Amino acid sequence: MMNNAVTLSKAETANNIPLIELKDIYKIYHMGDTDVHALDGVSMKIFKGEFVAIVGQSGSGKSTCMNIIGCLDVPSVGKYYLRGKDVSTMNDDEQAEIRNKELGFIFQQYNLIPKINVQQNVELPLMYAGLSEREQAKRALASLDKVGLKSKAKNMPQQLSGGQQQRVSIARALAGDPSIILADEPTGALDSKTGKEVLQFLKQLHSEGNTIVLITHDNTIAAQAERVIRVQDGQIVYDGEPDISKFAQVAHAGDEDGDGA
Amino acid sequence: MTLKKSFQLALSNLMFDKMRSLLTMLGMIIGVGAVIILISLMSGMMGMMNDEFAKLGTDTVTVSVQDRGGSRSIDEDDIYKFAQDNPDMFRGVSPSVTIAGAFVKSGSNDITTNATGVSEEYINIKQLDVEQGRFLSYIDIEKKAKYCVIGTYIEREFFGQGRAMGQTLRINGKTFTVIGVLKEDDDSTSGSTDDVMYIPYTTAVTMSASKFISSYTLWTTSVDIVDTAIAKTKQFLENKIGDSDYYNVSSIKQIMDMANTMTGTMQTLLVCIAGISLLVSGIGIMNIMLVSVTERTREIGIRKSLGAKAKDIKTQFVIEAGTVSGVGGLIGIAVGSVLAVTFGRLLELNAVPSVGAILISFGISVGIGVIFGYLPAKNAANLNPIDALRHE
Ligand SMILES: Nc1ncnc2c1ncn2[C@@H]1O[C@H](COP(=O)(O)OP(=O)(O)OP(=O)(O)O)[C@@H](O)[C@H]1O
Ligand SMILES: [Mg+2]
């Protein structure tokens, strides 16, 4: 049952089954006698190979949405299908397996474990996937090589700059070769130059065929996605191409970055 | 997650904050150290006691009888016959006639000591070593010879070292010739095991007032059958004498067994006390693990987001707790062993911790870690990933 979710058949790539499908999702927090609707009936489909930016004001429900997509949280109401499989009915271990095999997370705060070195951090998802130690090391180093940090493999996370740490976390997200990369404000803690580098990197991954879901505050960044989903008060208010009229200056920045997509 | 990785991680966590790890382990170190010291010293003491008892002869049975008169009376022929009828149990007999407070004189010197009348087999029964000359022989016994074999205290008191052979001395006025000198066993002082005189029991009987032999030493074939031999002897005496007030059968082994039971009880008690300190240290470990789980909630969230299952997190924390207490246990074993040997030297005991004690206390310390680590581990494993990740 889990294996079905993991292996990717040719038929599925034919874009008729979405990779992610949210159907009328609600997330309701009960705060005393008021209910907070963090998500208020959200439905969306994300297909393989898409680069989606989720934008919206602070508190609009972006992270909540991402956490549900990432199986880190469960919706109060609604259905979530990953490759057509109902994730909401899976048990904890099955969800862990989904996170391990299908999802790669990039967090705003990097979320590296400080007590182990860079390589060991990147090996974590591989270790939980049950790979042999040799295979773990091989893939972790290859992944670090991709982000240009192979030479820092034996360093401790806190010995790296913020940008480098974020690249390590990207390497970690990539290491297990997930179907979807989920990034919650990955550039939020970085200066604009390093932020741009990280973004560049995500775009490159996208051009290599990865599916990317990115949360951002930054319109410049959102404009570089293929598709923008705008969330407001827990509801989707816009879903489509980056709006040129709204992001005029942004489209320009995208050209500068040489985005050929 | 492989066990090896969990173990490595546990060790690196241990090294990450050495001071805290040490404090966590302190209880374990003290508890295990105390167990090792107590067990070692107790077994050293028991060993010493058993050695002392062995010197007295644990494979002998002592029979004391009183003269009941008539056919109910018992003499050496009865005892010898009884021993010979049971060759699978007994390999030697010696009557024992003690002349207490014997006045011994030679030349102008005199002392008061005990002389003991024994048979020629006594040398084997008590495993005596003759330094010079020989021990009493069967013929000497038969002839009621006035020969004596003496310890080095008597030798030195009267004649000087190596000069006693063939000399005479008087015991309660009767003249005896020294035919043998025993090897020095203790320090050649009065009252020591070198303050002994052996004469033929036949001679000793003639010097006693009652002319009745009231004590015999039976030499069993093995220390293992002492209890059976005692039962058999009692049965024989009961048949012959018919009144248990007139005889008594005892052995050093019985006394030794009793002493061992007593020290064993004491050891159990002490180990229980040490066990309580182990338990307390286990609670300390649980406490620190609970703190550690809270502190590391975010790490747990990260691991879960990367695909760790509840089982993986549980294993990690349990192994960590086991490692902390196991390492504490090892240090405790090392410290305890060194102290046990040191104390042992001071007390002149051979207090070496046994492999069993080491293995058991190591096992207990790891076990305590695992048991007390389990509860926090379970808590950690059941955290919701997003709640864990959001934890500050
Ligand atoms: N654990 C929680 N308990 C109660 N309310 C919560 C909880 N988590 C989120 N919320 C509420 O849900 C709403 C959406 O939160 P969410 O974190 O998704 O916002 P966001 O769009 O990611 O904002 P930001 O851009 O600031 O990160 C907010 O109003 C928030 O207060
Ligand atoms: Mg957010």
Side-chain angles (χ1 to χ4, degrees), chain A residues 2 6 27 29 38 63-64 66-75 91-117 120-133 136-137 156-157 169 172-173 175-176 178 182 184, chain B residues 1-21 288-289 291-317 319-320 323-324 377-392:
Chain A
M2 277 173 278
V6 174
K27 181 73 188 181
Y29 293 105
S63 295
T64 309
M66 169 87 77
N67 292 336
I68 287 172
I69 295 174
C71 295
L72 296 173
D73 207 353
V74 284
N91 67 26
D92 285 355
D93 279 359
E94 288 168 334
Q95 291 199 2
E97 194 121 341
I98 294 280
R99 289 195 290 272
N100 184 246
K101 300 258 158 59
E102 302 278 356
L103 305 167
F105 293 96
I106 303 168
F107 300 98
Q108 181 175 356
Q109 294 302 333
Y110 328 134
N111 277 350
L112 300 176
I113 294 176
K115 276 182 263 192
I116 56 180
N117 70 28
Q120 288 168 323
N121 264 288
V122 178
E123 282 175 358
L124 283 174
L126 306 170
M127 179 176 86
Y128 290 123
L131 297 184
S132 73
E133 281 190 28
Q136 286 174 36
M156 299 307 273
S169 90
R172 182 179 65 184
L182 300 172
D184 191 344
Chain B
M1 176 136 112
T2 60
L3 288 181
K4 194 177 147 217
K5 279 241 168 162
S6 310
F7 187 67
Q8 281 170 350
L9 189 76
L11 278 181
S12 65
N13 270 330
L14 202 91
M15 297 308 285
F16 199 73
D17 189 346
K18 295 193 188 68
M19 191 61 195
R20 188 167 119 182
S21 308
I288 215 84
M289 288 310 289
V291 172
S292 161
V293 166
T294 319
E295 272 179 1
R296 290 164 61 195
T297 308
R298 207 178 151 90
E299 177 189 327
I300 292 166
I302 296 171
R303 287 176 181 275
K304 287 204 140 190
S305 78
L306 298 175
K309 293 177 181 163
K311 188 187 78 207
D312 297 316
I313 304 287
K314 234 186 279 183
T315 313
Q316 183 190 334
F317 275 82
I319 287 183
E320 219 163 275
T323 306
V324 171
K378 209 173 128 236
N379 290 345
N382 290 337
L383 288 171
N384 182 1
I386 192 62
D387 293 339
L389 266 174
R390 286 234 185 90
H391 196 271
E392 286 311 317

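Protein chains get the first letters and strands the later ones, always in sequence-line order, with residue 1 at the start of each. Every value quoted in this text rests on a predicted model; they were computed, and no experiment measured them.
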Review point. Side chains of A:Asp92 and B:Lys304: does their closest heavy-atom pair fall under 4.5 Å?
Key: no
Exercise for review: Under the side chain to side chain contact (heavy atoms under 4.5 Å, CB included) rule, what do B:Arg390 and A:Leu72 come out as? Steps first, then yes or no, please.
Suggested key: CA-CA 11 Å; B:Arg390 286 234 185 90; A:Leu72 296 173; over 6 Å; no
Exercise for review: Look up atom CZ in A:Arg172 and atom CD1 in B:Ile302, then write down how far apart they are to the nearest 0.5 Å.
Suggested key: 6.0 Å
Exercise for review: Against chain B, label A:Leu112 side chain, backbone, both or neither, depending on which of its atoms sit under 4.5 Å from a heavy atom there.
Suggested key: backbone
**Study point:** NZ on B:Lys309 to CG on A:Asp93, rounded to 0.5 Å
**Key:** 5.5 Å
Practice item. Answer whether the closest heavy-atom distance between the side chains of B:Arg303 and A:Met127 falls below 4.5 Å. Key: yes
Review point. Is any side-chain heavy atom of A:Gln95 less than 4.5 Å from a side-chain heavy atom of B:Pro385?
Key: no
**Study point:** Validation row: B:Arg298, A:Asn111 side chains within 4.5 angstrom (heavy atoms)
**Key:** yes
Check your understanding: Can you find a pair of side-chain heavy atoms, one from B:Gln8 and one from A:Ile116, that are under 4.5 Å apart?
Key -> no
Review point. More than 12 non-hydrogen atoms from neighbouring residues, nucleotides or ligands closer than 6.0 Å to NZ on A:Lys115, yes or no?
Key: yes
**Study point:** Residue pair B:Gly307 / A:Tyr128: nearest heavy atoms and the distance that separates them
**Key:** O-CB, 3.8 Å
Check your understanding: Distance from B:Leu306 atom CG to A:Phe105 atom CZ, nearest 0.5 Å?
Key -> 8.0 Å
Check your understanding: Between A:Ala96 and B:Ala308, which heavy-atom pair has the shortest distance, and what is it?
Key -> CB-O, 3.8 Å
